[in-house]
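What follows is a set of notes on a single structure, which appears directly below.
Every number for a ligand or one of its atoms is a count from 1 in the order of the listing.
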Amino acid sequence: MSHSPVETVFSMLNETSAALQDARAASFLEALADSGENWFLGEINQDIDEVLKKRLVKLYEDHPLEKFEKEEIRKAFQLAILKGMKEHIQPNHQMTPDSIAMVIGYLMDKFTQNDRELTLLDPALGTGNLVLAIMNQLRGKVAITHGVEIDEVLVRLAYVGANLTEQPLHLYNQDSLEPLFIDPADVVVSDLPVGYYPNDVRAADYELQAKEGHSYAHHLFIEQSIKHVKEGGYLFFLVPNGLFESPLAGELHEYLQKTVHIQGLLKLPTSLFKNEQSAKSILILQRQHEDVKPPKQVLLAELPKLSNAQAMQTMMAKIQHWMDTDKA
Ligand code: SAM
């Protein structure tokens, strides 16, 4: 039976990572980062026995990197990450699925149709899947992405993913709510971590700090992102559906009113999520600038099931119509 290129690359990454995991008593995700790096560098830098080394070299040589498309490699790498994530599930570390990345990429392309080149910032980079999928989709329009992530293993995976798909990704392994030494980006895109931010001292630097108790990380992330996008630049966030219904929604809304123009809120189909509570929307903002007018009408929509091609076509036509009337 013949396998698709994605299956072929996945099997190779899976086999090499499982072997490295055993030999080094590491987690599957750590071993996957090692294996991906070996494949990219064409050499093995781990301290392992010669028999295993030979076996790995043969597997990498049988799968020359240049034989595969960027999207085939990204998808295979993503499948291997998903397998590793099943080992220890951390709800706030979940990778952004391709289907959502594709919709955000489509919207970003539309909203920035007059730009030839973009710099991106993702302050919750995770594995990098969201930005790498968008960068592949936008084919060279993204000149560089700055990605910030607190978890070291995820940063390594993002680094390997960017190398394997030859995408320009600049990495910062730090807390994104600490000062960021990054020039303002043209666009911010992020699947925000949702929940409380434990560091009250740091939170005190933010206008959206909660008056009592811990602040919402996702609110602070929105404020930090607005500060790090150029005036007139767009922000695309994946946010919980209830963002504007929480007890602290009033403060958030007030802050947004004075810093950005809310462009759109698109509810994703619940079928993409485990349950109603974890369902999300895409929030689109534009940082205020003296030359930028607010939209005549905010783009509000419920996206249909992405598998329903006809309903998706109708939705895209609706979005296009909104763009034509609002951004003309
Ligand atoms: N888009 C990512 C992807 O495709 O893999 C997934 C993002 S995930 C929903 C949110 C990420 O935010 C997690 O990887 C988590 O480690 C990171 N994170 C949470 N708090 C953070 C902080 N204070 N600074 C930087 N990263 C943080």
Side-chain angles (χ1 to χ4, degrees), residues 29 32-33 36 74-75 77-86 88-105 108 120-137 142 145-162 165 167 169-182 187-203 205-206 208-209 214-225 227-228 235-240 243 268 272-274 278-283:
L29 288 180
L32 175 62
R74 188 187 60 77
K75 285 188 176 147
F77 195 57
Q78 177 195 33
L79 288 176
I81 293 175
L82 277 176
K83 179 183 164 178
M85 285 191 160
K86 289 210 178 108
H88 35 205
I89 298 169
Q90 291 175 298
N92 248 335
H93 283 197
Q94 266 171 30
M95 182 160 51
T96 314
D98 276 8
S99 47
I100 299 180
M102 205 187 72
V103 177
I104 300 182
M108 189 187 295
L120 299 192
L121 166 66
D122 183 349
L125 181 75
T127 62
N129 193 56
L130 171 63
V131 290
L132 291 174
I134 292 175
M135 290 164 93
N136 279 352
Q137 189 182 343
V142 179
T145 296
H146 297 276
V148 192
E149 170 56 54
I150 201 161
D151 183 308
E152 206 180 312
V153 176
L154 297 184
V155 171
R156 282 203 64 208
L157 289 169
Y159 165 77
V160 172
T165 56
Q167 292 292 4
L169 186 60
H170 206 129
L171 293 157
Y172 306 78
N173 187 192
Q174 65 161 89
D175 180 343
S176 289
L177 300 174
E178 298 278 339
L180 294 178
F181 298 101
I182 303 174
V187 174
V188 170
V189 59
S190 202
D191 180 355
L192 298 178
V194 178
Y196 290 107
Y197 180 56
N199 185 343
D200 293 334
V201 177
R202 174 57 57 197
D205 290 346
Y206 289 82
L208 289 174
Q209 176 199 22
H214 291 325
S215 306
Y216 280 149
H218 43 300
H219 288 195
L220 304 184
F221 263 80
I222 291 176
E223 180 174 339
Q224 179 74 318
S225 300
K227 286 182 185 148
H228 284 87
L235 306 102
F236 299 83
F237 294 119
L238 206 55
V239 295
L243 183 73
L268 289 158
L272 283 178
F273 304 92
K274 268 198 230 80
S278 54
K280 296 195 177 174
S281 300
I282 300 170
L283 173 67

Check your understanding: Any idea which atoms of ligand 1 are less than 4.0 Å away from a heavy-atom of Gln174?
Key -> 24 (N), 25 (C)

Review point. Which of the atoms in ligand 1, numbered in the order shown and given with their element, are less than 4.0 Å from a heavy-atom of Thr127?
Key: 3 (C), 4 (O), 5 (O)

Show me the donor-acceptor pairs within less than 3.5 Å that the side chains of residues 147-160 make with the rest of the protein, sequence neighbours left out.
unit_1: Glu149; atom_1: OE1; unit_2: Gly126; atom_2: N; d: 2.8
unit_1: Glu149; atom_1: OE2; unit_2: Asp151; atom_2: N; d: 2.9
unit_1: Asp151; atom_1: OD1; unit_2: Val153; atom_2: N; d: 2.9
unit_1: Asp151; atom_1: OD1; unit_2: Leu154; atom_2: N; d: 3.2
unit_1: Arg156; atom_1: NH1; unit_2: Asp34; atom_2: OD1; d: 3.1
unit_1: Arg156; atom_1: NH2; unit_2: Asp34; atom_2: OD1; d: 3.0
unit_1: Arg156; atom_1: NH2; unit_2: Glu37; atom_2: OE1; d: 3.1

Exercise for review: Find the distance between CD (Gln224) and CZ (Arg202) and round it off to the nearest 0.5 Å.
Suggested key: 9.0 Å

Review point. Any heavy atom of Glu178 sitting closer than 4.0 Å to ligand 1?
Key: no

Practice item. Flag Tyr197 as yes when one of its N or O atoms lies below 3.5 Å from any N or O atom of ligand 1, and as no otherwise. Key: no

Review point. Counting each atom of ligand 1 from 1 as listed, which ones have a heavy atom of Ser176 under 4.0 Å away?
Key: 22 (C), 24 (N), 25 (C)

Review point. Is there at least one pair of N or O atoms, one from Asp151 and one from ligand 1, spaced under 3.5 Å apart?
Key: no

Check your understanding: Using heavy atoms and a threshold below 4.0 Å, how should the contact between Tyr172 and ligand 1 be classified: side chain, backbone, both, or neither?
Key -> neither

Point to revise | Straight-line distance of Ile182 CD1 to His170 NE2, nearest 0.5 Å | key: 8.0 Å

Study note, to complete from the structure: The atoms of ligand 1 lying under 4.0 Å from a heavy atom of Leu154, numbered in the order shown, are 14 (O)

Review point. What is the ring orientation for Tyr216 with His219, classed by angle as parallel under 30°, tilted 30 to 60°, or perpendicular over 60°?
Key: perpendicular

Review point. Where the closest heavy atom to atom 6 (C) of ligand 1 is concerned, which of Gln94, Gln224, Lys280, Gln78 has it?
Key: Gln94

Practice item. With sequence neighbours excluded, tell me which residues meet salt bridge (Lys or Arg N to Asp or Glu O under 4.0 Å) with Asp122. Key: none

Review point. Would you say Tyr197's side chain and Leu177's backbone share a donor-acceptor pair under 3.5 angstrom?
Key: no

Practice item. Scan Leu130, Leu125, Asn129, Val131 and name whichever one has a side-chain contact (heavy atoms from CB on, under 4.5 Å) with Thr127. Key: Asn129

Check your understanding: Can you find an N/O atom of Asp175 closer than 3.5 Å to an N/O atom of ligand 1?
Key -> yes

Practice item. State the CG-CE distance between Leu29 and Met85, to the nearest 0.5 angstrom. Key: 6.0 Å

**Study point:** Winner among Leu125, Asp191, Leu130 once heavy atoms are compared against atom 2 (C) of ligand 1
**Key:** Leu125

